[in-house]
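Everything numeric here is computed off the predicted structure, so don't read it as measured data. Chain letters run A, B, ... following the sequence lines, proteins first and then strands; every chain starts at 1.
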Amino acid sequence: MKYWLMKNEPEDYGIDDLKKDKTEHWDGIRNYQVRNMIRDDMSIGDMAFFYHSNCEIPGIYGLMTINSKAYPDHTAFDKKAKYYDIKSDKNKPAWLMVDVKYKRKLQKIITLKELKSKKELSEMRVVQKGNRLSITEVSKKDWEYILSLEKK
DNA sequence: GCCAACGTTGGC
DNA sequence: GCCAACGTTGGC
């Protein structure tokens with residue numbers, strides 16, 4: 001069982017949208033490192049933080065579970081879709097996605113600022129400069145520490 | 001809206 | 001296969 005942090009822009013799709021939808025496919029991954037990670041390392045039942053990026057208050061807003069294995073991202077075949085990719089062929093899909101299931105919103109937002117202020121989390125990928133991966137793995141230790149911050 | 005950091009592309 | 005140019009991400 002692994003833990004993840006998954007970024008999305010709330011203007012595009014945020015935690016409240018997932019709360020409403022209950023489950024949704026996490027499409028639009030167009031980075032090979034991230035694709036390989038969801039293909040090789042992610043499993044059904046893994047837990048993930050829903051992180052809001054590129055917004056007024058970047059940070060962790062909620063929890064979700066991974067609800068499927070990686071499967072072809074059909075938005076890559078759709079010429080009208082934002083993330084259409086001419087290189088992805090239906091017979092040989094270049095891009096994958098997983099389904100995520102809403103668990104709950106955090107009682108309070110754990111902001112990026114707060115994450116950065118904790119020396120315990122200095123190893124975490126999201127707090128490191130120049131990290132641009134939309135999905136990163138979170139260690140069990142960091143996962144539990146972050147959840148403990150919710151109670152403070 | 002700026003810009004640093006990083007990934008991708010493509011000429012050679 | 002190198003690397004400059006370009007595009008994207010995302011915090012600020």
* Structure fact -> So the stems of DNA chain B, runs of at least three Watson-Crick or G-U pairs (under 3.5 Å), are B:1-12 with C:1-12

* Asked: Rounded to the Å, how far apart are R35(A) CZ and dT8(B) C1'?
  -> 14 Å

* Asked: Can you name the salt bridge (charged side-chain N to carboxylate O under 4.0 Å, His left out) partners of E120(A), sequence neighbours left out?
  -> none

* **Apart from Y32(A) itself, residues in the same hydrophobic cluster as defined by side-chain heavy atoms under 4.5 Å** => W95(A)

* **Presence of K7(A) side-chain N/O under 4.0 Å of dG11(C) phosphate oxygens OP1/OP2** => no

* To do: Figure out the CG/P separation between D85(A) and dG7(B), and round it to whole Å.
  => 18 Å

Residues 37-45 of chain A, side-chain donor-acceptor partners within the protein, below 3.5 Å, at least two apart:
unit_1	atom_1	unit_2	atom_2	d
R39(A)	NH2	N36(A)	OD1	3.3

* **Under 4.5 Å side-chain linkage, directly or through intermediates, the cluster mates of Y71(A)** => M97(A)

* Y32(A) side-chain proximity, nearest of dC6(B), dG10(C), dT8(B) -> dT8(B)

* To do: With side-chain contact (heavy atoms from CB on, under 4.5 Å) as the test, would you mind laying out the steps for T75(A) and R30(A) before giving the verdict?
  => CA-CA 11 Å; T75(A) 67; R30(A) 297 293 180 268; 3.1 Å; yes

* Give the rounded distance in Å between these two atoms: CG of N8(A) and C1' of dT9(C). => 12 Å

* Asked: Picking from dG7(B), dC6(B), dG11(C), which would you name as closest to the side chain of Y51(A)?
  -> dG11(C)

* Rounded to the nearest Å, what distance is computed from the CD1 atom of residue I135(A) to the P atom of nucleotide dT9(C)? -> 14 Å

* Can K105(A) and D16(A) be said to form a salt bridge (Lys or Arg N to Asp or Glu O under 4.0 Å), step by step? -> CA-CA 8 Å; K105(A) 286 172 82 166; D16(A) 288 322; 2.7 Å; yes

* To do: Not counting sequence neighbours, which residues clear salt bridge (charged side-chain N to carboxylate O under 4.0 Å, His left out) with K118(A)? List them please.
  => none

* Rounded to the nearest angstrom, tell me the gap between atom CG in N131(A) and atom C1' in dT8(C). => 14 Å

* **Nearest-angstrom distance from the residue atom CG of D12(A) to P of dT9(C)** => 11 Å

* **d(CZ, R30(A); P, dG7(B)) in whole Å** => 18 Å

* To do: Rounded to the nearest angstrom, tell me the gap between atom CH2 in W95(A) and atom P in dT8(B).
  => 7 Å

* When all nucleic acid strands are considered with a 4.0 Å heavy-atom cut-off, which category describes E9(A): base, sugar-phosphate, or nothing? -> nothing

